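A short write-up of the structure that comes next.
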There are 2 protein chains.
Amino acid sequence: MDFQVSFNVNNKLFVKDPENTDLGRQIVKNAIDLIYTLGFEQFTFKKLAIEIQTTEATIYRYFENKHKLLLYILNWYWSYMEFLVMFKLQNLDNPEIKLIAVIDLLTSDLPNTSGKFDYNKKYLNQIVISESSKAYLVKDISEINKDEVFKPYKDLCSKIADLISEYNPKYKFPKSLTTTLIESSHQQQFFADNLPKLTDVCEVNQKDFVRSFLKDLLFKTILI
Amino acid sequence: MDFQVSFNVNNKLFVKDPENTDLGRQIVKNAIDLIYTLGFEQFTFKKLAIEIQTTEATIYRYFENKHKLLLYILNWYWSYMEFLVMFKLQNLDNPEIKLIAVIDLLTSDLPNTSGKFDYNKKYLNQIVISESSKAYLVKDISEINKDEVFKPYKDLCSKIADLISEYNPKYKFPKSLTTTLIESSHQQQFFADNLPKLTDVCEVNQKDFVRSFLKDLLFKTILI
DNA sequence: TTTAATAGAATAGTAATACTATCATTTTTA
DNA sequence: TAAAAATGATAGTATTACTATTCTATTAAA
């Protein structure tokens with residue numbers, strides 16, 4: 001089986017659609033590698049330009065600034081995630097099993113697809129963990145929010161929140177619980193790697209630890 | 001009643017202790033105001049220097065860079081928070097009431113103390129909400145962690161985690177739950193203000209909403 | 001009381017960042 | 001085959017994140 005997944009990333013996020021050209025795809029792919037390697041603060045268009053042997057000016061033809069490029073990458077991730085959720089929940093009808101599948105997705109690396117988007121999924125995952133909150137923790141959040149750049153994230157949240165309401169229609173905070181689960185899944189993974197004293201991780205598998213913590217948290221909270 | 005609260009902020013965070021001089025205290029106080037106003041990314045030592053009518057070079061005599069200054073401010077906050085927790089829990093012995101008091105603290109503005117530290121507590125609170133994760137979401141986290149700059153945060157977490165274990169000794173994730181509560185309290189307040197669709201906030205009091213969400217989450221999760 | 005150390009002000013300078021602008025050249029498309 | 005679009009090459013600007021030096025005022029130690 002081989003198929004292509006494609007989704008439109010909000011066109012306010014780029015000046016020129018990077019999906020349409022070789023260079024554009026190179027920019028995004030190498031941006032993921034470089035942001036992973038350097039961290040978002042140390043990442044610059046200059047360094048990216050050197051990496052792919054082009055010029056800063058050329059990269060500015062695709063993206064206004066590095067913040068928009070980060071948002072572009074995250075939008076791609078959230079859209080892909082929503083697709084994966086949809087895909088994995090197909091033919092499931094037990095709400096509990098569906099929610100377990102969602103938590104498994106949130107705490108696993110993205111599957112490696114072939115084809116057009118050969119982004120490094122491990123790096124992408126790590127970027128989401130370490131950098132995604134920098135996309136919204138900015139002073140001009142209300143300005144950038146007007147361009148609907150957080151729509152894929154909101155859509156994913158609302159899809160998961162619906163599953164929670166399906167499981168327990170009386171639970172009062174389905175969206176807040178969803179964002180808490182998602183953000184906590186990132187944090188706990190980050191803490192487990194970097195500030196383990198802030199977690200209860202034990203030496204063994206960290207992903208398993210985060211997974212069991214979140215499942216416990218979720219199902220106790222929405223118990224009928 | 002009038003008393004002075006004082007705690008030592010880790011001396012690796014400054015070149016010269018700002019608490020010892022008028023200028024030093026001015027730097028910290030105005031840094032809080034400016035970071036609140038501009039956001040951490042737009043905040044620079046140059047702008048701060050202009051604000052307090054001194055020079056960049058002088059500020060560099062106190063702090064190596066703006067990241068260390070942010071850490072200094074956050075360390076002050078976490079130490080103060082731990083003091084407040086200790087203070088509020090005095091003479092309480094019911095673990096449930098203690099935990100409720102902690103959540104109330106996490107979702108309230110800091111009390112305005114008089115005296116030496118007339119930092120704007122509302123601004124400080126907002127900085128913790130919007131900027132604190134930028135203190136640890138950096139590439140060189142393991143380097144800076146060696147200087148124990150996260151000790152006050154870890155101490156506070158461990159104090160709260162102990163309360164959870166006191167309430168339910170069998171609960172397996174007291175630290176992870178604590179960090180989730182703390183970070184979620186920031187996130188949900190931020191989202192309620194800026195991306196309300198990611199929460200279940202209704203028009204009325206946002207602090208009350210976050211508080212009831214967190215209490216519900218906490219006590220359901222640690223139910224015996 | 002003189003000396004010496006320190007704090008801060010003033011100024012200058014550097015490398016890097018985050019862009020913008022222009023123009024020539026190559027590639028694509030009509 | 002001409003026109004349009006994409007890219008490369010180069011240059012330039014304001015700002016940032018520092019470092020260094022020199023001078024003066026203040027304070028502390030000998």
Side-chain angles (χ1 to χ4, degrees), chain A residues 11-31 34-35 37-73 131 134-135 137-140 143-144 147, chain B residues 11-31 34-35 37-73 131 134-135 137-140 143-144 147:
Chain A
N11 66 16
K12 302 236 164 139
L13 286 176
F14 49 76
V15 183
K16 181 175 147 63
D17 193 338
E19 279 191 21
N20 291 339
T21 66
D22 239 22
L23 182 63
R25 287 185 293 267
Q26 276 286 304
I27 288 172
V28 176
K29 181 183 161 29
N30 285 271
L34 259 189
I35 292 173
T37 309
L38 303 173
F40 187 62
E41 286 75 27
Q42 303 308 311
F43 166 80
T44 67
F45 278 7
K46 178 92 204 175
K47 290 172 186 168
L48 177 56
I50 291 169
E51 197 70 18
I52 55 180
Q53 295 178 87
T54 181
T55 58
E56 260 184 293
T58 301
I59 294 171
Y60 278 103
R61 287 221 180 80
Y62 284 86
F63 294 100
E64 263 177 62
N65 52 51
K66 68 175 182 173
H67 184 255
K68 291 256 171 116
L69 174 49
L70 176 63
L71 274 169
Y72 178 90
I73 291 169
E131 321 291 354
K134 297 169 192 170
L137 292 176
V138 290
K139 202 68 198 180
D140 57 341
E143 272 311 302
I144 61 170
D147 288 338
Chain B
N11 66 16
K12 302 237 164 140
L13 287 177
F14 48 77
V15 182
K16 181 174 149 65
D17 193 340
E19 279 192 18
N20 291 338
T21 65
D22 240 20
L23 182 64
R25 287 185 292 269
Q26 278 286 305
I27 288 172
V28 176
K29 182 184 159 32
N30 285 272
L34 258 189
I35 292 173
T37 310
L38 304 173
F40 187 62
E41 285 75 27
Q42 304 307 311
F43 167 79
T44 68
F45 279 6
K46 178 91 205 176
K47 290 172 186 167
L48 177 56
I50 291 168
E51 197 71 17
I52 56 181
Q53 294 179 88
T54 179
T55 58
E56 259 185 294
T58 300
I59 294 171
Y60 278 102
R61 287 231 178 76
Y62 283 87
F63 294 99
E64 262 177 64
N65 53 52
K66 69 174 181 172
H67 184 255
K68 291 257 171 117
L69 174 50
L70 176 64
L71 273 169
Y72 178 92
I73 292 168
E131 321 290 354
K134 296 169 192 169
L137 291 176
V138 290
K139 201 68 198 180
D140 58 342
E143 272 311 303
I144 61 169
D147 288 338

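Within every chain, numbering begins at 1; the chains are lettered A, B, ... in the order of the sequence lines, protein sequences first and strands thereafter. Since the model is a prediction, treat every value here as computed from it, not as a measurement.
The list of salt bridge (charged side-chain N to carboxylate O under 4.0 Å, His left out) pairs with a residue in residues 38-58 of chain B, not counting sequence neighbours, reads E41(B)-K134(B). Annotation: salt bridge (charged side-chain N to carboxylate O under 4.0 Å, His left out) contacts involving residues 58-68 of chain A, sequence neighbours excluded, comprise E64(A)-K68(A).
Contacts of T37(A) classified as side-chain hydrogen bond (donor to acceptor under 3.5 Å, both in side chains), with partners at least two apart in sequence or in another chain: none. Residues meeting the side-chain contact (heavy atoms from CB on, under 4.5 Å) test with D17(A), sequence neighbours left out: F14(A), E19(A), N20(A), Y72(A). For T55(A), the side-chain hydrogen bond (donor to acceptor under 3.5 Å, both in side chains) partners two or more places apart in sequence, or in a different chain, are T58(A). For Q53(A), the side-chain contact (heavy atoms from CB on, under 4.5 Å) criterion is met by no residue, not counting sequence neighbours. Checked against ring pair (Phe, Tyr, Trp, His ring centres under 6.0 Å), Y60(B) has the following partners two or more places apart in sequence or in another chain: F45(B).
For the pair K46(A) NZ and dT17(C) P, the computed distance is 9 Å after rounding to whole Å. Rounded to an integer number of Å, the gap from L69(B) CG to dC18(D) P is 12 Å. Here dA18(C) presents its P atom at 9 Å from CZ of F45(A), a figure rounded to the nearest Å. Rounded to whole Å, atom P of dA17(D) lies 10 Å from atom CD of E41(B). One atom, CD1 of I50(B), and another, P of dT15(D), lie 10 Å apart when rounded to the nearest Å. The CG-P distance, from L34(A) to dT17(C), rounds to 12 Å in whole Å. dC19(C) atom C1' lies 5 Å from atom OH of Y60(A), rounded to whole Å. Distance CD1 (I59(B)) to C1' (dA10(C)): 14 Å, rounded to an integer number of Å.
For the OP1/OP2 pair of dA17(D) and a distance below 4.0 Å, the side-chain nitrogens and oxygens of K66(B) include at least one atom meeting the criterion. Contact check, K47(A) against dT17(C): a side-chain N or O comes under 4.0 Å of OP1 or OP2.
Looking only at side-chain heavy atoms (C-beta outward), I27(B) and P18(B) stay at 4.5 Å or farther from each other.
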Whether each nucleotide of nucleotides 5-10 of chain D has a protein heavy atom under 4.0 Å at its base (B), only at its sugar-phosphate (S) or at neither (-) is summarised, 5' to 3', as -SBB-B
side-chain contact (heavy atoms from CB on, under 4.5 Å) between I144(B) and D140(B): does it pass, once the steps are laid out? CA-CA 6 Å; I144(B) 61 169; D140(B) 58 342; 4.0 Å; yes
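Looking at heavy-atom distances under 4.0 Å, Q42(B) makes no contact with the nucleic acid at all.
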Grab the N/O contacts between the protein and nucleotides 26-30 of chain C below 3.5 Å, and write none if there aren't any.
none

